[in-house]
Amino acid sequence: MVETPRYRTTFVRLIGFLRPYKLSMGISIVLAVGSQAAGIAGTFLAGSVADALHHREHHLLPWLVAAILALGVVRAATMAGRRLIAGKQALAVELDMRTAVYAKLVRLSFGFYDRHQTGQLMSRATVDLQGVRFFLGYGLIFFFQHIFTIAGVALVVFFIDWKLALISIAISPALIAVAYRYSHVSHPLLRDVQQKMADVATVAEENIVGVHVVKSFAQEGAEQTKFEHRSEAVFGLSVKANRQRAFYVPMLSFLPLLAQAAILVVGGRMVAHGSLSVGSFVRFNLFLAMLVMPLRSLGMWIGQAQRATASGERIFQVIDEPEEISDTPGAHDLPAGSGRIAFESVTFGYDAARPVLHDIDLELEAGKVVALIGHTGAGKTSLASLIPRFYDVQHGSVSIDGVDVREVTLASLRREIGVIAQDPFLFSATVRENIAFGRPDATDEDVVRAAHLAQASEFIETLPEGYDTVIGERGITLSGGQRQRVAIARALVVDPRILILDDATASVDATTEAKIREGLREAMRDRTTIIIAHRLSTIALADEIVVLDDGRVVARGTQEDLAESNDVYREIHEHGMLERVFTEEVA
Ligand code: CTP
Ligand code: MG
């Protein structure tokens with residue numbers, strides 16, 4: 001992650017998310033202040049009722065009650081208005097933040113995702129967003145509302161009697177401090193509880209997903225113990241949090257009582273001596289009650305602001321992360337061409353200090369099929385991922401039809417390259433949507449044609465709802481070979497100039513492999529194709545073979561050339577020969 005920005009900067013930037021909502025913020029604050037003012041006025045009049053009763057001015061009563069009711073209506077109306085406007089604004093700010101985070105997450109490079117844990121990123125996108133959301137949405141409005149209430153009430157009580165006012169105000173620092181303290185100590189604990197709950201969920205999820213492994217190794221007992229341990233951790237922390245609550249909440253209700261007791265004693269004596277009216281005595285008690293909530297909230301608010309800022313920092317770390325791989329200024333679209341690929345003295349490493357590809361010079365002819373072979377870890381996947389610019393080279397260049405891939409727009413580059421990974425990821429969506437993923441405007445015919453080319457149409461038609469069958473988590477589960485063919489169809493539907501198949505048939509049985517191979521034969525027509533393969537039968541599709549060893553090209557040629565000269569190829573040849581006999585028997 002990038003260097004963390006300073007605390008105050010983060011706070012200012014968070015507030016910056018409110019900029020588009022200045023007007024509605026302003027209106028909300030005015031309405032909030034208005035409803036509190038009506039509340040204060042109403043409370044004041046309640047005291048006047050007591051005075052009227054005391055002086056037997058009964059004719060005033062109906063007027064006073066009517067005024068109190070009217071103020072109540074004003075209060076209710078302004079409150080409703082504030083809730084409507086501020087509520088919508090809070091949701092809009094949340095939407096903006098979420099959009100900003102996700103917009104960044106989808107733009108970040110492969111390298112970023114190599115370096116960071118999924119769980120970490122997910123928590124930034126959810127938990128941290130949650131932490132900021134409420135504060136940004138309502139925090140400032142509440143802040144102004146509380147400050148106004150405290151200031152307004154303080155002013156009125158000082159106006160009534162400054163000595164009594166001092167007594168009631170004296171409690172404020174203690175109340176704010178205790179509320180702040182509560183918020184401060186409870187938060188880390190609550191976050192731990194949440195964290196431990198996530199641990200429990202992880203164990204539960206792993207046991208459900210990995211139930212086959214758990215059962216086949218007879219580890220039910222051990223797994224249950226593990227689960228119980230984690231659950232007990234949640235229990236322990238929750239009990240602790242409960243203890244905190246049991247202490248602080250009564251404490252927060254008790255503190256104002258001290259002030260009230262003082263006012264009852266001192267104020268009561270003043271009423272008895274006639275230096276304070278009964279009405280003012282009543283007012284004091286009511287105003288004191290009005291103060292308690294804002295004072296408590298203000299203390300909590302400070303804690304909340306700190307947490308929101310900490311969460312904001314983590315969110316800004318994602319937002320500020322350089323994209324690494326993005327369109328260079330002045331990038332143009334990849335010009336039309338036939339798909340010739342050239343690597344020129346390419347050196348590349350995921351960590352610049354540890355290159356995994358060394359000084360590679362390789363030219364792949366347009367429209368030809370090249371098989372890339374080599375031992376595991378030789379750098380085959382790495383080499384292929386430089387073409388769509390999943391990573392940038394450290395030295396040298398990769399070009400397509402004579403144009404450096406760094407000079408063209410990523411969108412135009414990737415549109416021309418179909419990549420099929422070993423274990424392709426399919427979305428929890430219909431078969432049709434999965435195939436059309438790279439080209440949402442594809443017609444049904446395009447989808448069916450691509451499926452047909454990939455030899456997938458046959459099995460798709462036998463699915464319960466054909467192309468409309470939902471696959472993935474909430475749908476039907478496809479076999480490895482079926483997924484692969486859907487992925488091939490997905491790559492073909494965009495009609496790319498270049499096709500890259502990474503280990504495409506390593507995980508499937510021989511019959512399926514033969515079917516996929518048939519699909520490929522069609523799919524590769526008129527495209528430059530790179531097949532990273534381990535099976536001889538797949539390699540047989542290639543016009544030429546390139547052997548990679550320890551990040552270097554060690555040989556290239558036709559099958560016949562390599563059969564005589566290259567050890568790696570011979571190894572595969574011996575192993576693959578048996579495969580091929582088997583394949584042909586079955587297919
Ligand atoms: N590597 C890495 N970071 C990654 C991917 C790979 O450091 N995100 C390293 C691997 O540890 C390996 C080297 O890069 O040492 C080459 O990896 P790769 O290109 O994936 O090797 P392949 O030839 O594709 O190996 P396989 O046949 O197992 O797929
Ligand atoms: Mg690989």
Side-chain angles (χ1 to χ4, degrees), residues 1 105 108-121 321-325 341 343 345-362 364 369-396 398 405 417-425 480 483-484 487-488 491 498-508 513 516 520 529-539 541-542 544-556 562 566-576 579:
M1 298 276 173
L105 281 179
L108 285 167
S109 61
F110 284 65
F112 175 84
Y113 285 98
D114 291 344
R115 290 192 301 274
H116 296 103
Q117 289 178 326
T118 320
Q120 270 285 321
L121 296 174
E321 184 75 22
E323 278 175 31
E324 286 175 12
I325 297 204
I341 304 167
F343 294 87
S345 28
V346 165
T347 297
F348 166 74
Y350 295 93
D351 169 2
R354 269 188 324 114
V356 296
L357 296 174
H358 310 269
D359 203 27
I360 294 208
D361 276 303
L362 188 64
L364 306 179
V369 179
V370 177
L372 204 55
I373 64 172
H375 287 122
T376 179
K380 306 179 293 293
T381 303
S382 309
L383 187 68
S385 59
L386 297 178
I387 305 169
R389 236 190 124 198
F390 290 162
Y391 300 90
D392 272 342
V393 298
Q394 263 100 41
H395 296 289
V398 179
V405 291
I417 304 171
V419 181
I420 301 145
Q422 175 172 2
D423 185 19
F425 178 81
R483 299 167 70 82
Q484 204 113 66
I488 295 176
I498 295 164
L499 205 57
I500 298 173
L501 292 118
D502 193 350
D503 262 348
T505 57
S507 64
V508 302
E513 194 261 350
I516 295 176
L520 285 181
T529 308
I530 297 172
I531 309 181
I532 299 173
H534 296 119
R535 294 198 198 210
L536 195 61
S537 46
T538 314
I539 297 171
L541 292 169
E544 202 185 5
I545 299 164
V546 170
V547 185
L548 220 55
D549 193 26
D550 202 13
R552 289 170 219 277
V553 176
V554 292
R556 73 180 289 187
L562 295 184
N566 189 265
D567 291 343
V568 179
Y569 179 75
R570 260 206 302 275
E571 220 172 282
I572 294 172
H573 197 261
E574 276 158 30
H575 174 71
E579 282 285 335

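Start at 1 and go down the list; that is how both ligands and their atoms are numbered. Since we're looking at a predicted model, the values are computed, not measured. Just the heavy atoms: all of them, side chains too, but no hydrogens, waters or symmetry mates, feed the values below.
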* **ligand 1 to Arg354 polar contact by distance, N or O atoms, under 3.5 Å** => no
* Structure fact -> For Asp114, the atoms of ligand 1 under 4.0 Å from one of its heavy atoms are 8 (N)
* Electrostatic pair Arg389-Glu324, nearest N-O below 4.0 angstrom -> no
* Short check: any N/O/S atom of Ser382 below 2.8 Å from the Mg ion (ligand 2)? -> no
* To do: Taking only heavy atoms of Ser382 into account, list the atoms of ligand 1 that are under 4.0 Å away from them.
  => 16 (C), 17 (O), 18 (P), 19 (O)
* **Sole candidate of Val553, Leu383, Thr347 that passes side chain to side chain contact (heavy atoms under 4.5 Å, CB included) when paired with Leu357** => Leu383
* Are any of the N/O atoms in Ala378 less than 3.5 Å from those in ligand 1? -> yes
* To do: Check whether any side-chain heavy atom of Ile531 sits under 4.5 Å from a side-chain heavy atom of Val370, and report yes or no.
  => no
* Asked: Looking at ligand 1, does any of its N/O atoms fall within less than 3.5 Å of an N/O of Val356?
  -> no
* Is Tyr391 in polar range of ligand 1, meaning some N or O pair under 3.5 Å apart? -> no
* Validation row: Ile373, Val546 side chains within 4.5 angstrom (heavy atoms) -> no
* **Per-atom contacts, ligand 1 versus Gly379 - under 4.0 Å to a heavy atom** => 16 (C), 18 (P), 19 (O), 21 (O), 22 (P), 23 (O)
* To do: Taking the side chain as every heavy atom from C-beta outward, state whether Pro424 and Gln484 have any atom pair closer than 4.5 Å.
  => yes
* Asked: Angle class for the Phe110/Phe390 ring planes (parallel below 30°, perpendicular above 60°, tilted otherwise)?
  -> parallel
